[in-house]
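Right, one structure below, let's go through it.
In what follows, chains carry the letters A, B, and so on, assigned in the order in which the sequence lines appear, proteins first and then strands, with residues in each chain numbered from 1. Quick caveat, the model's predicted, so the values are computed rather than measured.
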There are 2 protein chains.
Amino acid sequence: MGKCEQCIIKQFNSLKALTKDELVRISGCKTSKKIKKGEIIFEEGEVLNGVYCVRDGICKLSKLSENGKDQIVKMVVKGQLLGQRSLISEESSNLQATALNDMEVCFIPKSEIFADLQKNSKFSLEVLKDMAHDLRDSDDIIVNMAQKSVRQRLAETLIYIHDSFGTNPDGTLSVLLSREDYANIVGTATESAIRVLSQFKKEGTISTVGKYIKIENLAALKRIE
Amino acid sequence: MGKCEQCIIKQFNSLKALTKDELVRISGCKTSKKIKKGEIIFEEGEVLNGVYCVRDGICKLSKLSENGKDQIVKMVVKGQLLGQRSLISEESSNLQATALNDMEVCFIPKSEIFADLQKNSKFSLEVLKDMAHDLRDSDDIIVNMAQKSVRQRLAETLIYIHDSFGTNPDGTLSVLLSREDYANIVGTATESAIRVLSQFKKEGTISTVGKYIKIENLAALKRIE
DNA sequence: AATAAAACATGACATATATCATATTAAAAT
DNA sequence: ATTTTAATATGATATATGTCATGTTTTATT
């Protein structure tokens, strides 16, 4: 099992604020885990006894709505922590986490995190900043949901995925999502998401390589009103 | 000028985790301020040099969308802290705060807050919990925006205001909002908000006393699909 | 390889909501 | 008190999006 002190992943999240000693201690009680694409990491309502540090892969955080749709609220990738919100508020999770591809995560028990939050104020501040950032993102999403069209939201989603999660060597978006996933991010019917993507394709702003999407005209996508 | 150590308001927010000494120090450098209904407390893009502790009144936090509408993202009432997100992330504010009625606030400088975050881990944890809670609320709003009808969202908004901000002696909602405000919370056109409220009135689920709204049938409002 | 099951795609139509126009009423300003 | 302005209200119509039906393609299973 790898050692946290030597793990580069921590550089990308608030664990970087921990001291060497604290990391060694965490290393001793963490458990590594492989998760297959499609597997559920935790469910809505589940009590989390720790956080996951994502070493590889990507997952979606979603919440089931009364109308039966599973709204995707956020995506968590390699380098980020998963489940910190629920852990801190000491409530059961309000979201479900599902792997979008094969993942590798490390589970760090709650007791460790809380011990460090108590002793290491630099760590607390990093977690705070992280959460402040998430909150800002959420505010933006609320405004977009409320004020923009499905076409605009879908265009912005494609740009977001492109900018945040990167592309494969051939230029296709590295994250592979089903049309249903796109619909659940944007908050629309699957058919509508399909239609808009087909439209983008017809207009030449995107193309598809197998199941992968490639942005052909980023400027046009950004211009969509 | 009142003393923070003796102020009851702090019981309702994370300042309650501060020690007597810390409160005395804050008391020495805070400034009290009265804000008139309709006044802007801070604007989108403005850099905040502290947080506001709301002693009385209520304000809305909104963000201007590209389509010209001013989406209301959150409301902050008596007892709560205002501006903590921006302060912590050390970015300019992403939201504008506008007083919905006459307010009384205390401004606590950034340096004080950061000093206490550094020294008092109990305080940090309280702020963290606060923010975790806000984040959960935001997730819920995203799902509602994406999946529910204007009618449902407006019904839920009325219930939320009723439950969170209370009623006047005659049973009317204590928070007075314009139809435009309701539209901006729900994310719809003002005319649509007006229409739905008229509908509710016709159906007898709400009534109006002057400009105030009274919920007549809470159960019916909760049942709206 | 054949079959079953998902995922994707598209048309036809229904419905919710936005937009524009125009009253009406209430609040503010003179 | 009168005028002006803003807020509320409602109708007519346009448009975006949802829903249902059905077909095609891709992926999984036997």
Side-chain angles (χ1 to χ4, degrees), chain A residues 36-39 60 65-71 98 100-101 144-158 173 175-203 206-214 224-225, chain B residues 36-38 65-71 98 100-101 144-158 172-173 176-203 206-214 224-225:
Chain A
K36 285 245 163 58
K37 177 179 173 171
E39 258 181 65
K60 60 179 176 183
S65 175
E66 286 158 31
N67 65 357
K69 298 238 170 131
D70 197 42
Q71 180 66 37
T98 314
L100 286 170
N101 50 34
N144 287 347
M145 285 292 177
Q147 305 292 350
K148 297 186 178 174
S149 68
V150 167
R151 197 172 146 84
Q152 274 178 297
R153 281 181 270 151
L154 200 38
E156 288 184 13
T157 299
L158 290 170
L173 298 180
V175 178
L176 184 59
L177 295 174
S178 67
R179 304 299 147 114
E180 192 181 3
D181 282 331
Y182 278 107
N184 290 341
I185 292 172
V186 161
T188 191
T190 306
E191 295 95 321
S192 298
I194 289 174
R195 249 182 269 268
V196 174
L197 285 174
S198 300
Q199 190 66 28
F200 286 167
K201 221 168 136 179
K202 220 174 273 171
E203 293 163 5
I206 66 169
S207 65
T208 50
V209 181
K211 298 200 61 118
Y212 286 88
I213 290 176
K214 184 175 177 180
I224 284 171
E225 286 286 318
Chain B
K36 286 243 162 60
K37 176 179 173 172
S65 176
E66 285 157 32
N67 65 357
K69 299 238 170 131
D70 197 43
Q71 180 66 36
T98 314
L100 287 170
N101 50 34
N144 286 348
M145 285 292 177
Q147 304 294 349
K148 296 186 178 173
S149 68
V150 167
R151 197 173 145 84
Q152 274 177 296
R153 280 181 271 151
L154 200 37
E156 289 183 13
T157 299
L158 290 170
T172 55
L173 298 181
L176 183 60
L177 295 173
S178 68
R179 304 300 146 112
E180 192 182 3
D181 281 331
Y182 278 107
N184 290 343
I185 292 172
V186 161
T188 190
T190 307
E191 296 95 321
S192 298
I194 289 174
R195 250 181 268 268
V196 174
L197 286 174
S198 300
Q199 190 65 32
F200 286 167
K201 220 166 136 180
K202 219 175 274 171
E203 294 164 3
I206 65 169
S207 64
T208 49
V209 181
K211 298 201 58 118
Y212 287 87
I213 289 176
K214 183 174 177 181
I224 284 171
E225 284 286 321

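In summary, the side chains of A/Asn67 and B/Gln147 do present a donor paired with an acceptor at a separation below 3.5 Å, with no hydrogens or angles considered.
For the atom pair A/Glu180 CD and A/Lys69 NZ, the distance stands at 8.5 Å (nearest 0.5 Å). Remark: A/Asp181 CG to A/Thr157 OG1 distance equals 11.5 Å, nearest 0.5 Å. The CD1 atom of A/Ile206 lies 5.0 Å from the CD1 atom of A/Ile213; values are rounded to the nearest 0.5 Å.
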Scan nucleotides 4-11 of chain D nucleotide by nucleotide, 5' to 3', and note B when protein non-hydrogen atoms come under 4.0 Å of the base, S if they reach only the sugar-phosphate, - if neither. ---SSBBB

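In this view, B/Thr172 and B/Asn168, B/Asp170, B/Val209, B/Tyr212, B/Lys214 satisfy the side chain to side chain contact (heavy atoms under 4.5 Å, CB included) rule, not counting sequence neighbours.
Residues from residues 146-156 of chain A lying near DNA chain D, meaning a heavy-atom separation below 4.0 Å, are A/Ser149, A/Val150 in numerical order.
Looking only at side-chain heavy atoms (C-beta outward), A/Leu158 and A/Leu173 come within less than 4.5 Å of each other. Side chains of B/Lys37 and B/Leu100 form no contact here, defined as non-hydrogen atoms less than 4.5 Å apart. The shortest distance between side-chain heavy atoms of B/Val150 and B/Val196 falls below 4.5 Å. Under the 4.5 Å side-chain criterion, counting only non-hydrogen atoms from C-beta, A/Ile185 is in contact with A/Leu177.
Put simply, the residue from B/Gln152, B/Arg153, B/Glu156 that forms a side-chain hydrogen bond (donor to acceptor under 3.5 Å, both in side chains) with B/Asn144 is B/Glu156.
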Go through A/Glu39 and A/Lys36 one step at a time and tell me if the side-chain contact (heavy atoms from CB on, under 4.5 Å) criterion holds. CA-CA 6 Å; A/Glu39 258 181 65; A/Lys36 285 245 163 58; 3.2 Å; yes

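Along DNA chain C, the stretch of nucleotides lying under 4.0 Å from any heavy atom of chain B spans, 5' to 3', C/dT17 to C/dA27.
Judged as a side-chain hydrogen bond (donor to acceptor under 3.5 Å, both in side chains), the pairs with a partner in residues 190-199 of chain B (not counting sequence neighbours) are, in order, B/Gln199-B/Glu203.
Taking the C1' atoms of five terminal pairs at each end of the helix from C/dA1-D/dT30 to C/dT30-D/dA1, the two resulting helix axes are inclined by 50°, rounded to 10°.
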